[in-house]
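Here is how names work: the chains are called A, B, and so on, in the same order as the sequence lines, proteins then strands, and each is numbered from 1. Everything numeric in this text was worked out from a predicted model, so none of it was measured.
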Protein chains: 2
Amino acid sequence: MREKLEKYYSFVFEKELIDEIVQVGVYKKLRENEILVDLGDKMKGIPLLLEGAIKIVREDKNGEEILLYFLERGDTCASSFASAISNGKCGIRATAEKESEIIFLPKEKLDEWMLKYKSWRTFVIESYNIRLNEMMETIDSLAFMNMSERLYKYLTDKAQIMRETSLNTTHQDIAYDMHTSRVVISRLLKQLENEGKIKLHRNKIEILEF
Amino acid sequence: MREKLEKYYSFVFEKELIDEIVQVGVYKKLRENEILVDLGDKMKGIPLLLEGAIKIVREDKNGEEILLYFLERGDTCASSFASAISNGKCGIRATAEKESEIIFLPKEKLDEWMLKYKSWRTFVIESYNIRLNEMMETIDSLAFMNMSERLYKYLTDKAQIMRETSLNTTHQDIAYDMHTSRVVISRLLKQLENEGKIKLHRNKIEILEF
DNA sequence: ATTATTTTGTGATTATCATCACATAATTTA
DNA sequence: TAAATTATGTGATGATAATCACAAAATAAT
């Protein structure tokens with residue numbers, strides 16, 4: 001745990017803070033598709049992502065979903081932070097897109113560290129900042145792009161987060177993330193394939209052009 | 001300035017912090033439609049809203065706009081905060097929807113106060129939290145609602161922020177905010193009027209049902 | 001090996017929204 | 001007051017995406 005923490009966070013946190021994190025943080029390994037945070041959960045702390053990829057989705061009353069963004073190593077969940085600090089509920093669901101490793105930080109420390117470590121303050125603000133920008137990108141996609149453009153962005157973004165050029169996924173899964181129907185996705189994928197940007201297989205999409 | 005600050009912020013900030021704000025804050029009055037922050041601006045501080053209403057919009061490369069959310073008294077601009085702290089650029093435009101009053105806080109104090117005042121830390125985190133939730137609501141609207149529902153939500157939200165039951169606006173202005181065309185808005189407004197939810201006048205929309 | 005299930009492909013139809021073209025009404029300006 | 005400008009109303013048409021219905025292919029289960 002210390003090893004990976006130092007690998008990804010030594011340029012972010014002071015040595016003393018890393019020591020404290022090692023002391024109070026709880027290491028956890030997440031299986032693929034394991035739910036880390038669910039709708040309405042009250043957070044008792046926040047997760048630091050060491051390895052893997054986490055999908056953050058929003059769900060409305062009717063159970064319809066839309067992808068907000070992905071987290072990768074070095075990231076934390078800003079929604080959890082707010083929820084942990086204010087004892088409020090979390091309005092999102094976080095699911096491991098692949099096997100992932102996290103460190104869970106207890107909420108008691110969150111404010112304490114704000115006083116002690118400049119690097120922690122910067123990290124928290126930076127995290128919020130990054131998340132706000134991700135949300136703006138999501139809004140941009142929804143407001144300004146058509147389905148085909150959104151789909152292509154989805155594929156390339158996800159490939160980058162997963163650090164692979166092929167995605168193991170079905171058309172239906174993509175449709176859920178993008179809040180549309182499988183038929184629509186299948187047709188647009190076929191179109192992207194004809195344009196030479198991707199290659200389709202069963203349960204797998206190769207991305208040829210980034 | 002101190003008077004309004006105490007009126008709206010005495011339950012948020014400690015007395016000592018309010019004293020400091022009075023000392024270093026710069027009071028400014030904004031005319032209707034005055035631009036407070038523009039795309040790509042680097043912020044030298046953050047605004048605290050004392051009175052009025054500020055519209056925050058996102059703009060893409062082609063100059064197309066979409067409304068993100070409104071700020072009202074007691075709010076601050078989280079995007080500015082991040083921009084000020086990290087010396088980065090601001091990805092939004094903030095415009096006064098009506099005559100407004102703000103206090104501009106210099107960025108040098110932002111981190112200093114994090115150390116000194118618990119209430120400031122809470123305020124900053126809370127502000128980010130509120131903004132994240134607003135963005136999620138915007139995403140919900142875009143992803144899950146049709147134009148008519150979005151329009152009605154726009155009208156009632158804006159009326160609440162403006163603290164009035166009538167909005168002085170044109171169909172074209174609404175179309176800009178919602179990133180659609182005037183024709184679409186006109187038709188949907190007429191429909192809402194037929195449903196008895198609003199009453200249309202030239203340059204004015206009365207909201208009959210909230 | 002046969003059956004069942006999952007995944008993908010595709011035509012047809014409909015609904016929503018975007019866009020064009022132009023009319024009418026209200027208000028301002030000259 | 002006449003002309004220009006701004007705001008709104010409305011029919012027609014097209015594009016995009018949603019939905020239904022069903023076929024075919026690949027894989028998993030019995």
Side-chain angles (χ1 to χ4, degrees), chain A residues 32-33 60 62-67 138-155 158 166-207, chain B residues 32-33 60 62-67 138-155 158 166-207:
Chain A
E32 190 173 331
N33 294 323
D60 78 345
N62 313 323
E64 300 184 287
E65 283 189 13
I66 181 107
L67 172 74
T138 305
I139 290 173
D140 284 353
S141 307
L142 287 166
F144 304 131
M145 291 162 73
N146 63 23
M147 273 286 172
S148 180
E149 294 170 311
R150 278 178 60 202
L151 176 57
Y152 187 61
K153 177 170 161 48
Y154 172 90
L155 295 173
K158 182 159 176 181
S166 289
L167 299 176
N168 291 303
T169 178
T170 66
H171 301 182
Q172 181 62 72
D173 285 340
I174 298 175
Y176 285 140
D177 280 353
M178 292 183 54
H179 191 248
T180 180
S181 71
R182 197 271 312 164
V183 182
V184 169
I185 295 297
S186 291
R187 289 205 170 103
L188 294 174
L189 282 172
K190 183 57 72 184
Q191 198 180 296
L192 288 174
E193 186 174 44
N194 291 336
E195 292 168 14
K197 293 182 180 167
I198 61 174
K199 189 152 184 357
L200 297 176
H201 310 267
R202 189 184 168 93
N203 287 320
K204 184 175 150 190
I205 300 172
E206 259 181 273
I207 293 153
Chain B
E32 190 173 331
N33 295 322
D60 79 346
N62 313 323
E64 300 185 288
E65 283 189 12
I66 181 108
L67 172 74
T138 305
I139 290 174
D140 284 353
S141 307
L142 287 167
F144 305 131
M145 290 161 75
N146 63 25
M147 274 286 174
S148 180
E149 294 170 313
R150 279 178 59 203
L151 176 57
Y152 187 60
K153 178 169 159 48
Y154 171 92
L155 296 173
K158 183 159 177 184
S166 289
L167 299 176
N168 290 302
T169 177
T170 67
H171 302 182
Q172 182 62 70
D173 285 340
I174 298 176
Y176 285 140
D177 280 353
M178 292 183 54
H179 190 249
T180 179
S181 72
R182 197 272 310 165
V183 182
V184 169
I185 295 297
S186 290
R187 288 202 170 105
L188 293 175
L189 282 173
K190 184 56 73 183
Q191 198 180 296
L192 288 175
E193 186 174 45
N194 291 336
E195 293 168 14
K197 293 181 178 166
I198 61 174
K199 187 147 185 1
L200 298 177
H201 311 267
R202 190 184 168 95
N203 287 320
K204 183 174 151 192
I205 300 172
E206 257 182 275
I207 294 154

Compare every heavy atom of [Y] with every heavy atom of [X], then report the nearest pair and how far apart it is.
| X | Y | result |
| --- | --- | --- |
| A:Ser148 | A:Leu192 | OG-CD2, 4.2 Å |
| B:Met147 | B:Leu188 | CB-CD1, 3.4 Å |
| B:Ile66 | B:Met178 | CD1-O, 3.9 Å |
| B:Ile207 | B:Leu155 | CD1-O, 3.4 Å |
| A:Ser141 | A:Lys153 | OG-CE, 3.3 Å |

side-chain contact (heavy atoms from CB on, under 4.5 Å) with [X]: which residues, sequence neighbours excluded?
| X | answer |
| --- | --- |
| B:Asn194 | B:Lys190 |
| A:Asn33 | none |
| B:Ser166 | B:Lys204, B:Glu206 |
| A:Ser181 | A:Val183, A:Val184 |

Could you state the [atom1]-[atom2] distance from [X] to [N], rounded to the nearest angstrom?
| X | N | atom1 | atom2 | value |
| --- | --- | --- | --- | --- |
| A:His179 | D:dT19 | NE2 | C1' | 14 Å |
| B:Gln172 | D:dT8 | CD | C1' | 11 Å |
| A:Met178 | D:dT16 | CE | C1' | 13 Å |

Heavy-atom distance under 4.5 Å between the side chains of [X] and [Y], does that happen here?
| X | Y | value |
| --- | --- | --- |
| B:Ile205 | B:Ile174 | yes |
| A:Thr138 | B:Leu142 | no |
| A:Thr170 | A:Asn203 | yes |

Which nucleotide of DNA chain C is the first, and which the last, in the 5' to 3' direction, to come under 4.0 Å of a heavy atom belonging to chain A?
->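 Contact span on the strand: C:dT6 to C:dA12.
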[X]: partners by side chain to side chain donor-acceptor pair (under 3.5 Å), with sequence neighbours left out:
| X | value |
| --- | --- |
| A:Tyr154 | A:Asp177 |
| A:Ser186 | A:His171, A:Arg182 |
| A:Glu64 | A:His179 |

Contact list for DNA chain C against residues 142-150 of chain B - heavy-atom distance below 4.0 Å =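 Heavy-atom contacts with DNA chain C come from B:Asn146, B:Met147.
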Using Watson-Crick and G-U wobble pairs whose two distances are both under 3.5 Å, how do you write the pairing of DNA chain D as dot-bracket, with | for links to another strand?
-> ||||||||||||||||||||||||||||||
Which parts of residues 181-196 of chain B get close to DNA chain D, meaning a heavy atom less than 4.0 angstrom away?
->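 Within residues 181-196 of chain B, the residues near DNA chain D are B:Arg182, B:Val183, B:Arg187, B:Lys190.
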Which protein N or O atoms sit under 3.5 Å from an N or O of nucleotides 4-7 of chain D?
{"from": "D:dT6", "atom 1": "O2", "to": "B:Arg202", "atom 2": "NH2", "distance (Å)": "3.0"}
{"from": "D:dA7", "atom 1": "O4'", "to": "B:Arg202", "atom 2": "NH1", "distance (Å)": "3.4"}
{"from": "D:dA7", "atom 1": "O4'", "to": "B:Arg202", "atom 2": "NH2", "distance (Å)": "3.2"}

